Amino acid sequence: MLDLSDFDLNRIDRDFIEDPHPVLHALRREQPVFRNADGSVYLTRYDDVLKVYRSRDMLSDKTEAFGEKFGQCPLHKHHTTSLIFNDPPYHTVVRKLIAGAFTPRKLAEFEPLIDGIVDRLLDRVEDLGNLDLIDDFAKVLPTEIISFMLGIPEEHRAQLRGYSLAILGALDPVVPQERLEAGNKAVEEFGAILTELIDHRRRNPDGGHQGEVLESLIFGEHDGRRLTQEELVQNCIFLLNAGHETTTSLVGNAMGTLFDWPAQHALLREQPELIGSAVEEFLRIESPLQIGNRLAGEEIALSTGAIPKGTYIHTSIAAANRDPEVFENPDAVDITRSPNRQIAFITGIHVCLGASLARVEGRIAIGKLVRRFPKIHQTGPRTRVPLARFRGFASLPVSVR
Ligand code: HEM
């Protein structure tokens, strides 16, 4: 039996980051509404997590919490302006404007583009033979897609993952000073690049290309309102962050999972048509975003009783996705799992806007990699991105020969 007396989400250690599930299972069993020393709660049951996401009274606005965490600085401006950390009515307006960039028609335009990018990357993988799956493959695809969507020129693309990790790293429960500084620098530098792009695009309203979304963000209107320059810049940075690290992790985590479960790897090689349900299972077993947050705007009744208005809530998406009440044999990987009610993209008014795009990227990238390189295997130790909120690999050395 695991001892939880020392546990606090604000004091988690390297072991938890490596493998949080022994602790998450114990929490779900024994203290599913766990109270941290600062009064916040950490939820690990699927039903509780879902209830929070479905309630309109659970708030995402973080102006106050981030004020305490960051003080007045670029990181504070960024995170409090992006739609994810806002409530209606601002959230509704920005979401409507951004949703215009993710319509099924836009997605249909992206598919051949994703196909082409993956094929090109796989040619390079073949030439390399031995490579780092993250650096040489997984992170390049979302960078290319998002750069295309936002019209970011080639010369800036190499910096994008660094910006993304620096800005998202500041959201972890525990943030050292140097990580705050790196996050602030990233917001400023990426903001400057985007400001220039947006200004150029404003002066050239007809200069867009097919599939580009910057145009709908600059010129789109909802109820007669357009995004201000600050809202535009910060929400474009957010789009990079939302779609970049998560999709890189989906692809990297999927391959790490297949290396750990060789029979499942063999099954996917033999039955490539399973890629759709396989991607759902990868999202469930190693959810790229592991922890979410809400502030209780009203009292809410959860499995062990009501928690009061004003409570800060951490939802464990990772734990919900391995709840034995919902998923049979939850720690086992089964790429044929059906139904699979995983909530890696959550649910409710903030449900991931890029879920369809991420699924298409995942199916094409993982599906083609497994089909084209039946001998792909890990050649050395993998290292993790050292964050609790985002689960992914910093490196995953492989050979395709
Ligand atoms: C496997 C990949 C991805 C995962 C696991 C993921 C997960 C999530 C989750 C859990 C949220 C909700 C966060 C919250 O409110 O607490 C979210 C929101 C969001 N995601 Fe994703 N995401 C992925 C890929 C993408 C991509 C590719 C894009 C677009 C380029 C994107 C755009 C967004 C946006 C715009 C929101 C904010 C929605 C809102 O607040 O209304 N995501 N995502």
Side-chain angles (χ1 to χ4, degrees), residues 43 49-50 52-56 58-62 79-103 106-107 110 114 138-139 141-150 152 160 164 168 171 211-214 216-217 234-254 279-295 313-318 320-321 342-366 389-392:
L43 309 183
V49 171
L50 221 64
V52 164
Y53 282 133
R54 286 190 173 142
S55 165
R56 289 288 186 131
M58 299 301 111
L59 308 175
S60 290
D61 188 294
K62 300 279 191 299
H79 286 306
T80 54
T81 311
S82 35
L83 82 158
I84 200 166
F85 295 130
N86 276 281
D87 301 312
Y90 174 75
H91 169 263
T92 317
V93 174
V94 180
R95 187 167 168 110
K96 286 247 160 67
L97 290 170
I98 295 186
F102 289 91
T103 57
K106 289 269 183 204
L107 201 64
F110 288 139
I114 298 170
K139 79 173 190 190
L141 175 65
T143 311
E144 290 291 310
I145 300 287
I146 295 166
S147 300
F148 177 82
M149 290 167 73
L150 297 178
I152 295 173
L160 296 192
S164 174
L168 294 175
L171 292 177
E212 186 227 58
V213 302
L214 198 56
S216 17
L217 298 178
Q234 301 305 343
N235 281 289
C236 285
I237 294 181
F238 172 68
L239 272 183
L240 164 85
N241 294 342
H244 188 203
E245 195 50 29
T246 46
T247 312
T248 302
S249 299
L250 167 59
V251 175
N253 293 350
V279 165
E280 298 308 301
E281 185 67 342
F282 301 139
L283 286 163
R284 183 188 74 80
I285 201 82
E286 293 284 18
S287 310
L289 190 57
Q290 301 250 303
I291 304 172
N293 293 105
R294 294 293 185 265
L295 178 71
I313 302 171
H314 306 267
T315 53
S316 176
I317 296 170
N321 274 339
Q342 60 81 14
I343 52 163
F345 298 117
I346 71 151
T347 182
I349 64 166
H350 288 274
V351 63
C352 177
L353 257 175
S356 304
L357 174 63
R359 284 185 161 112
V360 171
E361 287 183 63
R363 282 176 203 155
I364 297 178
I366 302 159
R389 192 177 292 279
F390 294 89
R391 187 157 182 84

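Here the structure is a predicted model, which means the values were calculated and not measured. Whatever order the structure lists them in is the order used to number ligands and atoms, beginning at 1. No hydrogens, no waters, no symmetry mates; every other heavy atom, side chains included, goes into these values.
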**OP:** Would you please name every residue forming a side chain to side chain contact (heavy atoms under 4.5 Å, CB included) with Q290, sequence neighbours left out?
**Re:**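 With sequence neighbours excluded, Q290 shows a side chain to side chain contact (heavy atoms under 4.5 Å, CB included) to P20, S287, A318, R391, given in chain and number order.
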Taking [atom] as the reference point, the nearest protein heavy atom with its distance:
atom: atom 40 (O) of ligand 1; value: H350 ND1, 2.7 Å
atom: atom 27 (C) of ligand 1; value: G243 CA, 3.4 Å
atom: atom 13 (C) of ligand 1; value: I84 CD1, 3.5 Å
atom: atom 4 (C) of ligand 1; value: F345 CE2, 3.4 Å
atom: atom 25 (C) of ligand 1; value: A242 O, 3.5 Å
atom: atom 28 (C) of ligand 1; value: G354 CA, 3.5 Å
atom: atom 18 (C) of ligand 1; value: C352 CA, 3.6 Å
atom: atom 23 (C) of ligand 1; value: T246 OG1, 3.4 Å

Counting from 1, what ligand 1 atoms have a heavy atom of [X] closer than 4.0 Å?
X: H91; result: 39 (C), 40 (O), 41 (O)
X: A358; result: 1 (C), 2 (C), 24 (C)
X: R294; result: 14 (C), 15 (O), 16 (O)
X: A344; result: 5 (C), 7 (C), 10 (C)
X: L289; result: 9 (C), 10 (C)
X: I346; result: 10 (C), 12 (C), 14 (C), 15 (O)

Close side-chain approach of [X] to [Y], heavy-atom, < 4.5 Å:
X: V94; Y: F238; answer: no
X: E245; Y: N241; answer: no
X: E361; Y: F110; answer: no
X: I114; Y: F148; answer: no
X: Y90; Y: T81; answer: yes

**OP:** With heavy atoms only and a cut-off of under 4.0 Å, state how I349 meets ligand 1: side chain, backbone, both or neither.
**Re:**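 The answer is the backbone.
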**OP:** Answer with side chain, backbone, both or neither: which part of R95 has a heavy atom less than 4.0 angstrom from an atom of ligand 1?
**Re:**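 The answer is the side chain of R95.
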Original post:
Which residue, I146, L150, I152, forms the side chain to side chain contact (heavy atoms under 4.5 Å, CB included) with L160?
Top reply: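 Single side chain to side chain contact (heavy atoms under 4.5 Å, CB included) partner of L160 among I146, L150, I152: I152.
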Subject >> For atom 37 (C) of ligand 1, the option (of F238, Y53, F85, F102) bearing the nearest heavy atom >> reply: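 Of the listed residues, F238 has the closest heavy atom.
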Original post:
For ligand 1, is there an atom lying under 4.0 Å from some heavy atom of G292?
Top reply: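 No heavy atom of G292 comes that close to ligand 1.
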Original post:
When only distance counts, is T247 in polar contact with ligand 1, meaning an N/O pair under 3.5 Å?
Top reply: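 There is no such contact.
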Original post:
If you measure every N/O of E361 against every N/O of ligand 1, is any gap under 3.5 Å?
Top reply: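 Looking only at distances, the answer is no, because the N/O contact criterion of under 3.5 Å is not met.
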Subject >> Exercise: identify the closest heavy-atom pair between T248 and P142 >> reply: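 Answer, listing the atom of T248 first, then P142: OG1-CG, 3.4 Å.
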Subject >> Nearest atoms (heavy-atom pairs only) where S82 meets N235 >> reply: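 Minimum heavy-atom separation between S82 and N235: CA-OD1, 3.2 Å.
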**OP:** Under the side-chain contact (heavy atoms from CB on, under 4.5 Å) rule, what do R359 and E280 come out as? Steps first, then yes or no, please.
**Re:** CA-CA 8 Å; R359 284 185 161 112; E280 298 308 301; 2.8 Å; yes
**OP:** Supply the atom-to-atom distance N293 CG to I313 CD1, rounded to the nearest 0.5 angstrom.
**Re:**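 Separation between the atoms: 9.0 Å.
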Enumerate, atom names and distances included, each donor-acceptor pair closer than 3.5 Å involving a side-chain atom of residues 346-358, sequence neighbours excluded.
unit_1: H350; atom_1: ND1; unit_2: H91; atom_2: NE2; d: 3.2
unit_1: H350; atom_1: NE2; unit_2: S60; atom_2: OG; d: 3.2
unit_1: H350; atom_1: NE2; unit_2: N86; atom_2: O; d: 3.3

